[in-house]
Enquirer: 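Before I ask anything, let me first share the structure, which is written out below as structure tokens.
Since the structure is predicted, the reported quantities are computational estimates derived from the model, not experimental observations. The figures that follow rest on heavy atoms only: side chains count, while hydrogens, waters and symmetry mates do not.
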Amino acid sequence: MSKESIKLIANNKKAYHDYFIEEKYEAGIVLHGTEVKSLRMGKCSIKEAFVRIEDGELFIYGMHISPYEKGNIFNKDPLRIKKLMMHGYEINKISGKIAEKGYTLVPLQVYFKGSLVKVEIGLAKGKKLYDKRADIAKKDQRREAERDFKIRNLK
């Protein structure tokens with residue numbers, strides 16, 4: 001992994017807020033030429049995106065890739081459903097876990113690995129409202145503690 005440079009294109013912070021991420025997987029993504037050029041310019045959003053398994057294949061819905069400015073007729077629909085590439089045994093393993101109650105697949109980040117576009121997807125379990133409140137309280141406590149520590153060290 002040290003040989004191939006990883007350049008982050010899009011990150012989904014909302015997923016960490018709304019879900020407990022149990023496992024992470026890396027998947028390739030099937031794209032057309034102008035979409036790759038648009039991604040190189042960083043024009044991608046996965047905030048509202050989700051992943052589904054259909055007939056033993058992975059598909060990502062709601063991933064928005066802005067049309068490439070110089071792409072004219074070759075541009076594709078920005079919200080079209082894109083196929084993800086993973087090994088069959090990985091997909092079977094994931095679909096077995098999704099069959100359990102409360103699990104879903106969410107895209108966590110999109111990045112270039114070398115010259116290839118990859119999507120990191122997470123096997124996630126939804127958070128309840130009180131879980132989110134607990135996380136926010138923890139974050140506030142940590143921030144408060146860091147602030148106190150900084151003030152003490154400045155004196």
Side-chain angles (χ1 to χ4, degrees), residues 1-68 75-146:
M1 201 144 131
S2 59
K3 279 186 181 179
E4 292 159 341
S5 61
I6 291 178
K7 181 182 171 244
L8 189 67
I9 302 167
N11 201 353
N12 191 356
K13 290 179 184 171
K14 190 178 170 206
Y16 291 100
H17 183 261
D18 292 341
Y19 300 98
F20 292 114
I21 308 299
E22 309 261 324
E23 291 179 41
K24 295 178 182 178
Y25 300 93
E26 184 179 71
I29 184 166
V30 178
L31 296 169
H32 294 277
T34 55
E35 289 178 320
V36 177
K37 289 179 179 182
S38 192
L39 285 174
R40 289 215 182 275
M41 296 167 72
K43 302 207 173 186
C44 176
S45 171
I46 53 172
K47 280 196 172 37
E48 300 297 318
F50 60 96
V51 179
R52 273 204 187 134
I53 298 176
E54 294 169 6
D55 301 326
E57 294 181 325
L58 284 174
F59 293 94
I60 188 166
Y61 292 79
M63 178 179 171
H64 187 278
I65 299 175
S66 299
Y68 183 57
N75 280 335
K76 298 285 181 194
D77 175 29
L79 284 171
R80 80 179 176 86
I81 301 162
K82 295 156 194 75
K83 185 177 174 183
L84 298 179
M85 296 181 291
M86 275 178 105
H87 291 287
Y89 65 89
E90 286 182 302
I91 295 173
N92 291 338
K93 183 177 157 189
I94 293 171
S95 62
K97 291 190 177 177
I98 286 182
E100 291 177 38
K101 191 171 163 261
Y103 280 107
T104 186
L105 284 173
V106 290
L108 301 174
Q109 54 186 346
V110 180
Y111 54 91
F112 278 105
K113 188 173 181 183
S115 62
L116 302 172
V117 180
K118 300 284 185 179
V119 179
E120 186 179 61
I121 56 176
L123 186 68
K125 199 167 202 159
K127 282 186 183 177
K128 302 276 188 271
L129 184 63
Y130 56 82
D131 291 328
K132 291 180 191 177
R133 285 186 186 143
D135 279 357
I136 290 169
K138 273 185 203 167
K139 223 180 267 178
D140 287 346
Q141 280 180 332
R142 195 181 74 238
R143 205 176 292 129
E144 197 71 35
E146 285 174 2

Enquirer: Sequence neighbours excluded, which residues qualify as salt bridge (charged side-chain N to carboxylate O under 4.0 Å, His left out) partners of E23?
Expert: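 By the salt bridge (charged side-chain N to carboxylate O under 4.0 Å, His left out) rule, E23 matches K97.
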Enquirer: Enter the distance from Q109:CD to K13:NZ here, rounded to the nearest 0.5 Å.
Expert: 11.5 Å
Enquirer: Any heavy-atom pair between the side chains of M86 and I94 that's under 4.5 Å?
Expert: yes
Enquirer: Could you tell me if the side chain of L123 sits less than 4.5 Å from the side chain of L105, heavy atoms only?
Expert: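 When only atoms from C-beta onward are counted, L123 and L105 do touch, with a gap below 4.5 Å.
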Enquirer: So, for M63 and C44, which heavy atoms are closest and what is the spacing to 0.1 Å?
Expert: CE-SG, 3.7 Å
Enquirer: Could you check whether any side-chain heavy atom of K14 comes within less than 4.5 Å of a side-chain heavy atom of E48, counting everything from C-beta outward?
Expert: yes
Enquirer: Considering non-hydrogen atoms only, spot the tightest contact between Y111 and L8 and give its length.
Expert: CB-CA, 3.9 Å
Enquirer: Kindly compute the distance separating OG (S45) from CG (N11), expressed to the nearest 0.5 Å.
Expert: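 Rounded to the nearest 0.5 Å, the OG-CG separation comes out at 11.0 Å.
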Enquirer: For Q141, what residues pass the side-chain hydrogen bond (donor to acceptor under 3.5 Å, both in side chains) criterion, not counting sequence neighbours?
Expert: none
Enquirer: Please collect all side-chain hydrogen bond (donor to acceptor under 3.5 Å, both in side chains) contacts where either partner lies in residues 85-96, sequence neighbours excluded, each pair once.
Expert: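 Every pair satisfying side-chain hydrogen bond (donor to acceptor under 3.5 Å, both in side chains) with a residue in residues 85-96: there are none.
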Enquirer: CG of L31 to CG of L116: how many Å apart, nearest 0.5 Å?
Expert: 10.5 Å
Enquirer: According to side-chain hydrogen bond (donor to acceptor under 3.5 Å, both in side chains), does anything in residues 50-59 pair up with another residue at least two apart or in another chain? List the pairs.
Expert: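 side-chain hydrogen bond (donor to acceptor under 3.5 Å, both in side chains) check on residues 50-59 returns E54-Y61, E57-K83.
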Enquirer: To the nearest 0.5 angstrom, please state how far the CD1 atom of I9 sits from the CG atom of L39.
Expert: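 It is 4.5 Å, given to the nearest 0.5 Å.
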Enquirer: Could you report the tightest heavy-atom contact between G56 and I91, atom names first, then the distance?
Expert: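 Nearest heavy atoms, G56 then I91: O-CD1, 3.6 Å.
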Enquirer: Looking only at heavy atoms, which two atoms of P107 and V51 are closest? And how far apart?
Expert: CD-CG2, 4.1 Å
Enquirer: K43: which residues meet the side-chain hydrogen bond (donor to acceptor under 3.5 Å, both in side chains) condition with it, sequence neighbours left out?
Expert: E69
Enquirer: Drop me the distance from I98's CD1 to T104's OG1, to the nearest 0.5 angstrom.
Expert: 6.0 Å
Enquirer: Looking only at heavy atoms, what is the nearest atom pair of A124 and Y19, with distance?
Expert: CB-CB, 3.5 Å
Enquirer: Going by the rule side-chain hydrogen bond (donor to acceptor under 3.5 Å, both in side chains), which residues pair with D140 if we only count those two or more places apart in sequence or in a different chain?
Expert: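 Checked D140 against side-chain hydrogen bond (donor to acceptor under 3.5 Å, both in side chains); matches are R143.
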Enquirer: Report yes if some heavy atom in the side chain of V110 is under 4.5 Å from a heavy atom in the side chain of I29; otherwise report no.
Expert: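 They are not in contact (no side-chain heavy atoms under 4.5 Å apart), so the answer is no.
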Enquirer: Would V117 and F112 count as a side-chain contact (heavy atoms from CB on, under 4.5 Å) here? Give the steps.
Expert: CA-CA 5 Å; V117 180; F112 278 105; 3.4 Å; yes
Enquirer: Could you tell me the separation between the CG atom of L84 and the OH atom of Y25, rounded to the nearest 0.5 Å?
Expert: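 Reported to 0.5 Å precision, the distance equals 14.0 Å.
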